[in-house]
Amino acid sequence: MNYCENGTITDFQILDFSNFETGHILLTVGIIIMYLMAILGNLMITMVIGLVPNLHTPMYFFLCNLSVVDVIYVSSSLPKLLSITITQDNRISFAGCISQLFFFTFSGTCDIFVLTSMAGDRYVAICRPLQYTLIMNRRVCGAMSALCWTVSAVNSLLLTLLTSVLEFCNSHEISHFFCEFKTMTALSSSDTTIRKIFIFVEDIIIAFVPFSLTVASYVQIISTILKIRLSETRLKAFSSCTSHLTTVILFYGPILILYMKPESEYSKELDNLFSLLYVAVVPMLNPFVYSLRNKDVLDAVRKINARNIFST
């Protein structure tokens, strides 16, 4: 193995939207708005679910998990991006990059698992309604949640350790607006063949299998709903799934477009925009999807507001 002459890496250069020289103010304002809306919206959902006993059900339990994960998700990358756009200092320390990699991978993986768990919850609710309370009891929901967080943490720790021992002799310039495994692997001067095989297998296990389970769940759900004779009951059953289905489409859509589009040296800025879409925009929109289109959440918010008014 060829070692670097100077093996100690102190920092990297993040090339975030480097061609947007005239739009830095607009970009900065946009990042601030997206970050604040994502944080406040998801914290509001978490608070509402915690305060209203009527929302202490499996579906809203997993939604609470999703909101907490989304807070970690946006906080892993947007604050540093905001700092870069304001100060124009695009340096990030090696330790900061590795930390960012861990939390981004952890929250992104956990997002996938929680969305899959929510799809399973909707499958049981629609396809096996008489067994719903028996299958989706508190112990099962707690175990599913713990599994989501534990597997995500272990997976993220493993990827972080694999990245931390890489060598970066040729370049320290990251052509992205945050540190993530594939970008760091491509930047490294070490032999990354085994790591690329590992990430390919992991993509199948961590991403493709949960995505396939989610799609299979909705195929069964839609099939069951179409068999319902009463239109009112059919509409009610479908409306209980629309928020989650919308979130799944918002989450997986940009990722599928990003990873299925052909590679091009001229598409780095476009790749960054798609990345910003699933890193910032989706977590920002999730609270609106689950509040504006959800009668239970809207009623809960009204109850909390009414309680505050009467208490004053």
Side-chain angles (χ1 to χ4, degrees), residues 35 37-78 102-126 132-133 135-157 205-207 209-211 213-214 217-218 221 240-252 255 278-294 296-297 300-301 304:
Y35 183 62
M37 290 180 68
I39 293 293
L40 296 175
N42 283 288
L43 289 178
M44 183 203 73
I45 291 290
T46 304
M47 181 191 70
V48 170
I49 293 173
L51 291 176
V52 180
N54 291 343
L55 299 182
H56 294 176
T57 63
M59 182 176 73
Y60 293 109
F61 170 73
F62 288 118
L63 175 57
C64 187
N65 277 257
L66 183 67
S67 295
V68 174
V69 172
D70 279 345
V71 169
I72 301 173
Y73 194 51
V74 295
S75 298
S76 66
S77 56
L78 291 192
F102 173 82
F103 286 107
F104 176 78
T105 306
F106 165 69
S107 54
T109 305
C110 201
D111 249 335
I112 292 173
F113 288 150
V114 172
L115 286 172
T116 307
S117 299
M118 295 174 77
D121 171 72
R122 291 299 83 203
Y123 166 78
V124 177
I126 301 299
Y132 181 73
T133 55
I135 296 175
M136 299 301 295
N137 57 61
R138 183 171 296 183
R139 181 178 299 178
V140 170
C141 292
M144 290 172 66
S145 175
L147 190 64
C148 291
W149 289 83
T150 303
V151 173
S152 300
V154 172
N155 171 70
S156 180
L157 180 61
I205 298 173
I206 300 295
V209 172
F211 176 71
L213 290 174
T214 301
S217 297
Y218 271 100
I221 288 171
S240 68
C241 304
T242 52
S243 295
H244 176 255
L245 184 59
T246 303
T247 301
V248 168
I249 294 172
L250 287 173
F251 182 80
Y252 282 107
I255 296 176
Y278 73 78
V279 168
V281 178
V282 174
M284 178 189 71
L285 292 178
N286 282 346
F288 293 97
V289 171
Y290 276 96
S291 59
L292 297 179
R293 295 180 57 86
N294 192 299
D296 293 336
V297 174
V301 172
I304 293 175

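From a predicted model like this one, the values you see are computed outputs, not experimental measurements.
Between the side chain of Ser107 and the backbone N or O of Phe104, at least one donor-acceptor pair lies under 3.5 Å. Of the possible polar contacts, none joining the Ser156 side chain to the Ser152 backbone as a donor-acceptor pair under 3.5 Å is found.
The CZ atom of Phe288 lies 13.0 Å from the OG1 atom of Thr247; values are rounded to the nearest 0.5 Å. Within the model, atoms CD1 of Ile135 and SG of Cys141 stand 11.0 Å from one another, a figure rounded to the nearest 0.5 Å. In this structure, CG in Asn54 is found 12.5 Å from CD1 in Ile49, a value given to the nearest 0.5 Å. Rounded to the nearest 0.5 angstrom, Leu51 CG and His56 NE2 are separated by 7.5 Å. Rounding to the nearest 0.5 Å gives a distance of 12.0 Å between CG of Leu40 and CD1 of Ile45. Atom CG of Leu213 sits about 12.5 Å away from atom CG of Leu115, to the nearest 0.5 Å.
The aromatic rings of Phe251 and Tyr73 sit tilted relative to each other, their planes meeting at an angle between 30° and 60°.
A 4.5 Å side-chain heavy-atom check between Met284 and Val281 finds at least one atom pair inside the cut-off. Tyr35 is listed as a side-chain neighbour of Ser75, based on a closest heavy-atom distance under 4.5 Å. By the 4.5 Å heavy-atom criterion applied to side chains, Val48 and Leu55 are counted as neighbours.
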Atom pairs and distances, side-chain donor-acceptor, residues 116-126, under 3.5 Å, sequence neighbours left out:
{"residue": "Thr116", "atom": "OG1", "partner": "Ile112", "partner atom": "O", "Å": "2.8"}
{"residue": "Ser117", "atom": "OG", "partner": "Phe113", "partner atom": "O", "Å": "2.9"}
{"residue": "Asp121", "atom": "OD1", "partner": "Tyr132", "partner atom": "OH", "Å": "2.6"}

Between side-chain atoms of residues 58-71 and protein atoms elsewhere (two or more places apart, or another chain), which donor-acceptor pairs fall under 3.5 Å?
{"residue": "Tyr60", "atom": "OH", "partner": "Asn294", "partner atom": "OD1", "Å": "2.9"}
{"residue": "Tyr60", "atom": "OH", "partner": "Asn294", "partner atom": "ND2", "Å": "3.1"}
{"residue": "Tyr60", "atom": "OH", "partner": "Asp296", "partner atom": "OD2", "Å": "3.1"}
{"residue": "Asn65", "atom": "OD1", "partner": "Ser145", "partner atom": "OG", "Å": "2.7"}
{"residue": "Asn65", "atom": "OD1", "partner": "Trp149", "partner atom": "NE1", "Å": "2.8"}
{"residue": "Asn65", "atom": "ND2", "partner": "Phe61", "partner atom": "O", "Å": "2.8"}
{"residue": "Ser67", "atom": "OG", "partner": "Leu63", "partner atom": "O", "Å": "3.1"}
{"residue": "Asp70", "atom": "OD2", "partner": "Asn286", "partner atom": "ND2", "Å": "2.9"}

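Considering every non-hydrogen atom in both Ile205 and Pro210, the closest pair reads O-CD, 3.3 Å. Minimum heavy-atom separation, Val140 to Asn137: N-OD1, 2.9 Å.
Applying the side chain to side chain donor-acceptor pair (under 3.5 Å) rule to Thr214 yields no partners; only residues at least two apart in sequence or on another chain are considered.
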